[in-house]
Protein chains: 2
Amino acid sequence: MEKFCPLEYTLNFIKSKWVILIIRELSFGTCRFNELEKRIAGISQKVLTSNLRFLEENKLVERTVYPVVPPKVEYSLTDLGKSLKPILDQMSDWGVKNYGK
Amino acid sequence: MEKFCPLEYTLNFIKSKWVILIIRELSFGTCRFNELEKRIAGISQKVLTSNLRFLEENKLVERTVYPVVPPKVEYSLTDLGKSLKPILDQMSDWGVKNYGK
DNA sequence: CCGGATCCAGGAGGATACTG
DNA sequence: CAGTATCCTCCTGGATCCGG
């Protein structure tokens, strides 16, 4: 049996390039699927979908479906998701400061 | 051409489960290859080697070879490597606080 | 003691086409 | 608009064996 490692636990949520980009976009506010796809350059529909599912399962992101035609689905960060933001900000700061060293 | 993303840049260094464990071990002080292998449960020689090479290439870890028989090689964190520690600590804190939510 | 060389499995993610 | 369904490629990392 593996010992629980909080560091590894957290890493599992943010180790994906796409996940952190999604969290950053959603930190600006609620956003529709299509809007996310446009804002995150290079992401495919499949990858966006699977990453959003993953984030939803882990309660970092909330999904709201409006039963209209055409479909409308909105995504937003939960409080738990928002609580990751300081970590991402710190990582971003480190990148700015140490790029190219 | 891709735009530079500091967040993604930093993530590249710490997204590996093994890398963060190695950095954490080395944050306690200089360590030999064999010692690292024993302390990091479950890591294989190949993976430990390749991760250390990666960290060395990116100047996060320093490698010192003593030309003796049997071979002796010591690894330690550079200042750049040490500067990642606060980020790892913050991630660890988040894991402790939010595990199981 | 410290690796390098080789082979292999699993998962992330890209490309493309299709649908309620 | 918001996905599903397929197929395919690359990379991480596990297992094992060999060498200075």
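Scope of the values below: all heavy atoms of this structure, side chains included, with no hydrogens, waters or symmetry mates. Every chain is numbered from 1 and lettered A, B, ... according to where its sequence line falls, protein lines coming before strand lines.
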*asked:* Quick check for you: among C:dG14, C:dC2, D:dG13, whose closest atom lies nearest to any side-chain atom of B:Asn34?
replied: C:dC2
*In terms of side-chain heavy atoms of A:Pro71, which of D:dG14, C:dG20, C:dC2 is nearest?*
C:dG20
_B:Tyr75 vs C:dC1: side-chain N/O to OP1/OP2 distance below 4.0 Å_ = no
*asked:* On the side chain of A:Lys46, is there an atom forming a donor-acceptor pair with the base of C:dG14 - under 3.5 Å, no angle test?
replied: yes
*Specify the separation, in whole Å, of atom CD1 of B:Ile40 and atom C1' of D:dG13.*
14 Å
*Separation of B:Leu55 atom CG from D:dT12 atom P, in whole Å?*
13 Å
*Between C:dA12 (P) and A:Leu48 (CG): distance, integer Å*: 15 Å
*Let me know the distance between CD1 of A:Ile43 and C1' of D:dG3, rounded to the nearest Å.*
14 Å
*asked:* Could you tell me how far apart A:Glu37 (CD) and C:dA15 (P) are, to the nearest whole angstrom?
replied: 13 Å
*Hey, is B:Asp93 close enough to B:Lys97 for a salt bridge, meaning N to O under 4.0 Å?*
no
*Kindly say if B:Arg63 contacts the phosphate of C:dC2, meaning a side-chain N or O under 4.0 Å from OP1 or OP2.*
no
*asked:* Contact between A:Leu77 and A:Leu60 at the side-chain level, heavy atoms closer than 4.5 Å - yes or no?
replied: no
*Can you tell me the distance, in whole Å, between the CZ atom of A:Phe54 and the P atom of C:dG11?*
14 Å
*Is there a side-chain polar atom (N or O) of A:Arg53 under 4.0 Å from OP1 or OP2 of D:dA2?*
no
*asked:* Can you tell me how the ring of A:Tyr99 sits relative to the ring of B:Tyr9, calling it parallel under 30°, perpendicular over 60° and tilted otherwise?
replied: perpendicular
_A:Lys38 NZ - D:dA2 C1' separation (whole Å)_ = 13 Å
*Has A:Ser16 got a side-chain N or O lying under 4.0 Å from the OP1 or OP2 atom of C:dG13?*
yes
*C:dC1 phosphate, OP1 or OP2: any side-chain N/O from B:Arg32 under 4.0 angstrom?*
no
*B:Phe33 has a side chain; which of C:dC2, D:dA2, C:dC1 sits nearest to it?*
C:dC2
*Grab the CD-C1' distance between B:Glu56 and C:dC2 for me, whole Å please.*
13 Å
*Does A:Ser50 place a side-chain N or O at less than 4.0 Å from the phosphate oxygens OP1/OP2 of C:dA12?*
no
*Fit a plane to each ring of A:Phe54 and A:Phe13, take the angle between them on a 0 to 90° scale, and name the class: parallel (under 30°), tilted (30 to 60°) or perpendicular (over 60°).*
tilted
*Does A:Thr10 use its side chain to pair, donor to acceptor, with the backbone of A:Pro6 at less than 3.5 Å?*
yes
